[in-house]
Amino acid sequence: MPGSGNRGSYQQFNDDDYDNDEGNGQSQDPFDEIDEDMVPVESTGNVTRGKQRFLCCLMNTGVFHYITGDDIRGNNAPKRFSKTCVKNVFTVLLIFIYLVLTAVAIFLAYQTISDFLNKLSQPVMSVSYKEVDSFPPPGIALFPGNAQMLSCKHHYHDYIPPIVDPGTPQEGDCEMTEVTYFGPFTDLKQKRAVVVRGPSDVKNRELIFMQFSQNETQEDFSAISYMLFAKYSDLIESANKSEFMRDCERNYSMWTFSGGFRTWVKMSLAKTSGRNKEAVEFRQESGVVKFNDKRPEADQTDQLFFVVFEWRDLYIQEIRLIVTANPWSSVGILCAVFMALFKAANFAKLTITWIIKMRKRHLRHKARELNPVN
């Protein structure tokens, strides 16, 4: 039969090849050409890596195909790619977080230094009140001009007896001194000041009641100016009273009280302690009451002035300038910030080293995959 003839010729062809192989002492079996180290080794169902090759012989087509280990590892490529992608994403995310933390640390350091310098240049005002039994007697400098002082008397407990025979000089018990000097702003006009020793017994509500009279005036408005300074004893102990009054007028404010009224001045003392010096300031509250003049019309041509001085309360207001900038807290914050910056720099260095190492490993694997199969 034709089929049997073909089988016979095929068998004969194989037998001839076999005989030739025996004669040459070599085997032409394709499987004999495979090195021992290229034989696949099965261990727990996994295929070994390396340069292992598999030979598949498709007998029906006569085609030989080599299957490399890379072809088998190709099935795990998506899984490895997903792991690498996740690692890269997390690495980039960590770098971004550290960059944000570094920026926050730099901003915090800048803000800390700015706040410290701002607090150092702008101290905070602290106000406290100190209770006292008595005040040092202040100096009350009056500038009557053409007016004449009719009386000056101490009273207590906010009580002033009725005025008897207003417009005529009366007995007084005030301690006073008169000073003439040239003003600090002009040397052309000489001033006359009557300085009265002020009240001190604040517990018994001590006050001073003064009365002035002025028969004629060349001014449009009738008023008497006055000035307050800290201690009356400073003037008495001063070697140059004129120079002392010039300095007081230069540093203290001037007030006035008008004729035809009784002006009640309530004083308060405020001490301000600065960095290098201490200043004393008088603050006052005044109330004005109209004087009902009951004198004969012939005597009413003289303008009368009434003024009362007393302390408002028992307290001295103390104002201190306090620097709230704390250098130790600022140094602590800066140390923490610089430590964070150091850690961030160290992490960035390690991250860059890891990226370079992974890049080299990737290039090495890629070059190995691109090498031709020997």
Side-chain angles (χ1 to χ4, degrees), residues 83-132 135-136 138 184-185 228-231 234 246-254 267-285 312-363:
K83 290 182 178 180
T84 304
C85 182
V86 170
K87 288 182 179 180
N88 293 335
V89 169
F90 274 105
T91 302
V92 172
L93 184 61
L94 284 176
I95 293 174
F96 176 75
I97 292 174
Y98 269 88
L99 288 176
V100 172
L101 292 177
T102 303
V104 171
I106 294 173
F107 175 76
L108 182 60
Y110 171 77
Q111 194 69 25
T112 301
I113 296 173
S114 300
D115 291 343
F116 178 77
L117 295 177
N118 189 22
K119 291 179 180 178
L120 191 63
S121 61
Q122 297 180 359
V124 178
M125 184 180 295
S126 174
V127 180
S128 61
Y129 292 90
K130 180 181 178 181
E131 184 177 355
V132 295
F135 288 94
F185 307 108
L228 303 174
F229 57 90
K231 294 180 180 180
D234 292 341
R246 284 170 61 92
D247 293 338
C248 287
E249 187 174 347
R250 186 182 295 111
N251 297 322
Y252 293 100
S253 301
M254 299 280 273
M267 303 176 295
S268 62
L269 191 63
K271 292 182 179 180
T272 303
S273 300
R275 296 179 179 177
N276 300 323
K277 59 182 181 179
E278 181 176 322
V280 178
E281 178 187 1
F282 274 95
R283 298 176 181 178
Q284 65 170 4
E285 299 174 0
R312 185 184 64 181
D313 49 34
L314 301 170
Y315 300 97
I316 297 177
Q317 187 179 24
E318 295 181 347
I319 302 173
R320 292 184 177 89
L321 299 179
I322 301 175
V323 178
T324 58
N326 189 356
W328 295 111
S329 62
S330 301
V331 168
I333 294 175
L334 291 178
C335 289
V337 168
F338 288 131
M339 186 179 294
L341 291 176
F342 175 76
K343 289 294 183 181
N346 190 22
F347 175 79
K349 179 181 177 181
L350 294 177
T351 302
I352 293 173
T353 304
W354 180 80
I355 291 174
I356 294 173
K357 184 177 179 181
M358 293 301 295
R359 178 64 178 171
K360 288 182 179 179
R361 182 182 296 177
H362 175 71
L363 293 176

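Note that the numbering runs from 1 along the sequence shown for the chain.
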Checklist entry - What closest approach, in Å, do Met267 and Leu228 show between heavy atoms, and which atom pair accounts for it? => result SD-CD1, 3.8 Å
Item to check | Qualifying residues under side chain to side chain contact (heavy atoms under 4.5 Å, CB included), relative to Asp115, sequence neighbours excluded | outcome: Gln111
Item to check | Tyr252 to Ala230 - nearest heavy-atom pair and separation | outcome: OH-N, 4.1 Å
Checklist entry - Taking only residues at least two apart or on different chains, which pairs with a member in residues 89-99 satisfy salt bridge (Lys or Arg N to Asp or Glu O under 4.0 Å)? => result none
Checklist entry - Can you list the residues that meet the ring pair (Phe, Tyr, Trp, His ring centres under 6.0 Å) rule with Phe116, with sequence neighbours excluded? => result none
Checklist entry - Who are the side chain to side chain contact (heavy atoms under 4.5 Å, CB included) partners of Ser268, not counting sequence neighbours? => result Arg283, Arg312
Item to check | For Arg250, side chain to side chain contact (heavy atoms under 4.5 Å, CB included) partners two or more places apart | outcome: Pro184, Arg246, Asp247
Checklist outcome for this item: Val280 and Lys271 have their tightest heavy-atom pair at CG2-CG, 4.3 Å
Checklist entry - Residues two or more places apart in sequence or in another chain: which of them pass side chain to side chain contact (heavy atoms under 4.5 Å, CB included) with Tyr129? => result Val127, Tyr315, Gln317
Next on the checklist: Holding to ring pair (Phe, Tyr, Trp, His ring centres under 6.0 Å), I want the full list of residues that pass it with Phe135, two or more places apart in sequence or in another chain.
Outcome noted: Trp311
Item to check | All pairs passing salt bridge (Lys or Arg N to Asp or Glu O under 4.0 Å) where residues 315-332 contributes a residue, at least two apart | outcome: Glu318-Arg320
